[in-house]
2 protein chains.
Amino acid sequence: MPPNKVKSAEPSVAPKRQHKADAKAAAHPHAKPRPLTRIQREKQDLILEAALEVFSVHGFRGSTIDQIAEVAGMSKPNLLYYFPRKEEIHRRLMSALLDTWLAPLKEMDAGGDPFPEIRSYIRRKLEMARDYPRESRLFANEMLQGAPRIIEMLEVDLRNLVDEKAQILLGWMDQGKLAHTDPYHLIFSIWATTQHYADFDVQVRAVLGKDRGGEGRFEDAARYLEQLFLFGLTPRKA
Amino acid sequence: MPPNKVKSAEPSVAPKRQHKADAKAAAHPHAKPRPLTRIQREKQDLILEAALEVFSVHGFRGSTIDQIAEVAGMSKPNLLYYFPRKEEIHRRLMSALLDTWLAPLKEMDAGGDPFPEIRSYIRRKLEMARDYPRESRLFANEMLQGAPRIIEMLEVDLRNLVDEKAQILLGWMDQGKLAHTDPYHLIFSIWATTQHYADFDVQVRAVLGKDRGGEGRFEDAARYLEQLFLFGLTPRKA
DNA sequence: AGAAATTTTGACCAGTTGGAAAAATGTTAG
DNA sequence: CTAACATTTTTCCAACTGGTCAAAATTTCT
């Protein structure tokens with residue numbers, strides 16, 4: 001019984017040929033890897049920008065190197081000269097992304113008071129959804145697929161960060177400065193409500209319509225979220 | 001200059017051959033389209049189930065007919081006998097989905113009181129995220145791609161429904177039964193916070209860890225969200 | 001049972017996709 | 001200027017993809 005074609009999602013990873021730069025670097029592991037030329041930096045940035053555009057919409061499997069190359073305005077082999085494999089591009093995007101993405105949470109300061117801190121955290125996240133929607137969607141796409149390429153980072157870096165901030169929130173709660181509730185789900189709810197405006201942008205626009213769906217929607221969202229997180233929906237007597 | 005290969009994402013839609021069943025139906029437009037046989041219903045359901053599994057993870061472009069066929073346990077040509085094109089499967093999934101998806105909101109009743117209504121709306125949505133996470137992800141995937149296949153439904157059906165419910169919310173606000181705030185963003189925030197537990201499930205699990213990440217997370221979420229939407233995070237004096 | 005209809009299979013196809021190889025064309029330090 | 005290096009283009013390929021088709025196997029109906 002000959003071994004039938006084995007079905008695998010990704011093509012088998014036969015160690016093929018090395019990229020020139022890689023080969024060079026590998027030859028002298030301790031040699032400083034020759035700083036990138038101006039062109040290299042420019043083109044890599046161009047490619048990453050194009051890849052962000054494509055990956056953020058179609059996900060990893062749904063995106064093709066050709067598409068990315070076209071958006072970047074270069075030929076596919078040329079693109080492959082800078083990033084010898086599709087995965088490489090995606091990895092670069094993701095690791096750059098995670099840093100940016102967690103930065104706002106890192107800023108939450110135990111020394112501050114809970115409401116100003118939470119309020120400006122929400123604001124920063126909402127600004128990111130407004131100003132970097134593609135990054136948000138790239139991240140969302142990875143999540144939907146089960147985060148195969150960043151799962152460890154989530155389980156280590158993200159988890160530690162959230163644990164740390166959850167402690168801060170618990171501290172505030174114990175001081176009676178913040179309602180006593182689940183700090184993890186509190187953080188989830190901030191992520192969810194803010195990223196929604198990037199990831200589900202089409203839906204938000206469709207529902208709000210042309211008139212209310214303009215750029216003002218982010219300010220409306222900010223006002224609403226502030227109310228929600230501060231007081232909830234219970235009416236207060238003026 | 002001969003016309004170069006024109007680049008198009010989807011293959012050109014030359015009207016090829018019709019599916020047998022379709023052809024038959026087309027021949028007698030008024031004949032009742034012969035109820036599906038038992039096998040047809042079973043196999044179609046099998047395929048749709050498999051397609052949901054695959055599409056919800058990889059999106060439309062990232063999923064292949066082969067994958068779906070394999071999950072459904074049948075050969076690709078056999079699958080294509082029931083659904084002559086990939087798009088057809090996706091369309092069927094999406095239209096079935098939208099109904100289910102909006103059902104909870106439809107139930108929100110102007111005759112009720114705001115808090116019980118909102119509270120049970122949140123609960124229903126959270127149950128859907130728990131019990132139908134694949135459907136939620138399928139929907140999210142479509143959103144991330146700009147909802148190309150359901151944009152009109154969003155702009156008509158969804159929009160009308162939300163408009164209607166926003167009116168109800170406004171009514172409650174005017175009666176002083178609900179804090180005066182933006183009803184559209186209120187609805188968005190319910191969608192966002194509940195669907196988050198399906199769409200970002202990996203992340204939620206990664207952050208909560210093995211111990212706190214079990215099924216109990218949905219009850220914790222429900223409790224937290226109730227607090228959030230009712231009172232926000234301001235501490236109340238017991 | 002036997003004819004008719006339905007379902008399944010295997011072989012096949014054209015276009016796409018990720019990637020390799022090598023030749024051709026810049027660019028730059030000496 | 002020219003050798004060494006960096007960049008780009010052309011050509012090519014094997015695997016994958018959506019889909020077709022005719023024949024074979026099976027089920028249903030009379």
Side-chain angles (χ1 to χ4, degrees), chain A residues 4-25 27 33-44 46-47 51 54-55 58 60-70 72-90, chain B residues 4-25 34-44 46-47 51 54-55 58 60-70 72-90:
Chain A
N4 286 10
K5 241 190 305 188
V6 173
K7 189 76 170 230
S8 75
E10 309 301 331
S12 61
V13 281
K16 304 203 170 160
R17 195 191 46 124
Q18 291 209 341
H19 188 238
K20 280 176 194 167
D22 293 350
K24 199 165 298 171
R34 179 181 301 218
L36 299 179
T37 69
R38 173 185 51 89
I39 290 185
Q40 280 169 339
R41 246 178 298 111
E42 285 177 7
K43 292 283 163 104
Q44 287 195 7
L46 201 66
I47 291 168
V54 176
F55 280 139
H58 296 292
F60 183 76
R61 291 218 41 195
S63 304
T64 72
I65 300 185
D66 290 275
Q67 268 179 96
I68 299 172
E70 196 187 320
M74 65 179 75
S75 70
K76 175 170 65 169
N78 195 186
L79 181 152
L80 285 166
Y81 170 73
Y82 292 100
F83 289 91
R85 359 210 89 247
K86 188 183 172 186
E87 272 211 8
E88 205 57 45
I89 310 176
H90 195 265
Chain B
N4 286 10
K5 241 188 308 188
V6 173
K7 190 74 169 232
S8 78
E10 310 299 332
S12 61
V13 281
K16 302 201 171 158
R17 196 191 46 123
Q18 291 209 342
H19 188 238
K20 282 177 195 166
D22 293 349
K24 199 166 300 172
R34 179 180 301 219
L36 298 179
T37 69
R38 172 185 51 89
I39 291 186
Q40 280 169 339
R41 245 179 298 110
E42 286 177 7
K43 291 283 162 104
Q44 288 195 5
L46 201 67
I47 292 168
V54 176
F55 280 139
H58 295 292
F60 183 77
R61 290 217 43 193
S63 304
T64 71
I65 299 185
D66 290 274
Q67 268 179 97
I68 299 173
E70 196 187 320
M74 66 178 74
S75 69
K76 177 170 62 168
N78 196 185
L79 182 152
L80 285 165
Y81 170 73
Y82 293 100
F83 289 90
R85 358 211 90 244
K86 188 184 173 187
E87 271 210 8
E88 205 56 46
I89 311 177
H90 195 264

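Distances shown here put every side-chain N or O of B:N78 at or beyond 4.0 Å from the OP1 or OP2 atom of C:dT7. The phosphate of D:dT20 (OP1 or OP2) has a side-chain N or O of B:R85 nearer than 4.0 angstrom. A:S75 has no side-chain polar atom (N or O) that falls below the 4.0 Å cut-off from OP1 or OP2 of D:dT8. Look at B:Q40 and you won't find any side-chain N or O under 4.0 angstrom from OP1 or OP2 of C:dT6. Within the structure, a side-chain polar atom (N or O) of A:K43 is placed less than 4.0 Å from OP1 or OP2 of D:dT8. Applying the 4.0 Å criterion to OP1 and OP2 of D:dT7, one finds that A:Y81 has a side-chain N or O inside that range.
Closest of all the heavy-atom pairs between A:K86 and A:R61 is NZ-O, 4.0 Å.
Contact of A:K76 with C:dG18 (side chain to base): a donor-acceptor pair of N or O atoms is detected under 3.5 Å.
Taking atom NZ of residue B:K86 and atom P of nucleotide C:dT16, one finds them 14 Å apart after rounding to whole Å. Protein atom CD of A:Q44 is 13 Å distant from nucleotide atom C1' of D:dT7, rounded to whole Å. A:H58 has its NE2 atom 11 Å from the P atom of C:dT17, to the nearest Å. Atoms CG (B:L80) and C1' (D:dT17) sit 11 Å apart, rounded to a whole Å. What separates OH of B:Y82 from P of C:dT9 is a distance of 10 Å, to the nearest Å. Separating the CD atom of A:E88 from the C1' atom of C:dG18 is a distance of 15 Å, rounded to the nearest angstrom. As a whole-Å value, the separation of B:I68 CD1 from D:dG19 C1' is 14 Å. Here the C1' atom of nucleotide C:dG19 and the CD atom of A:E87 are 14 Å apart, to the nearest Å.
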At a cut-off of 3.5 Å, list every protein nitrogen or oxygen paired with a nitrogen or oxygen from nucleotides 25-30 of chain D, distance to 0.1 Å.
from, atom 1, to, atom 2, distance (Å)
D:dT28, OP1, B:R38, NH2, 3.2

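Atom CD1 in B:I68 sits 6.5 Å away from atom CG in B:L79 (nearest 0.5 Å).
Here the side chains of A:L46 and A:Y82 are not in contact, with every heavy-atom distance at 4.5 Å or above.
Ring planes of A:F60 and A:F55: parallel class, angle under 30° (limits at 30 and 60°).
The listed nucleotides are C:dA21, D:dC21, D:dT17; the one nearest the side chain of A:R61 is D:dT17.
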Test log, rule side-chain contact (heavy atoms from CB on, under 4.5 Å), inputs B:T64 and B:H58: CA-CA 9 Å; B:T64 71; B:H58 295 292; over 6 Å; no
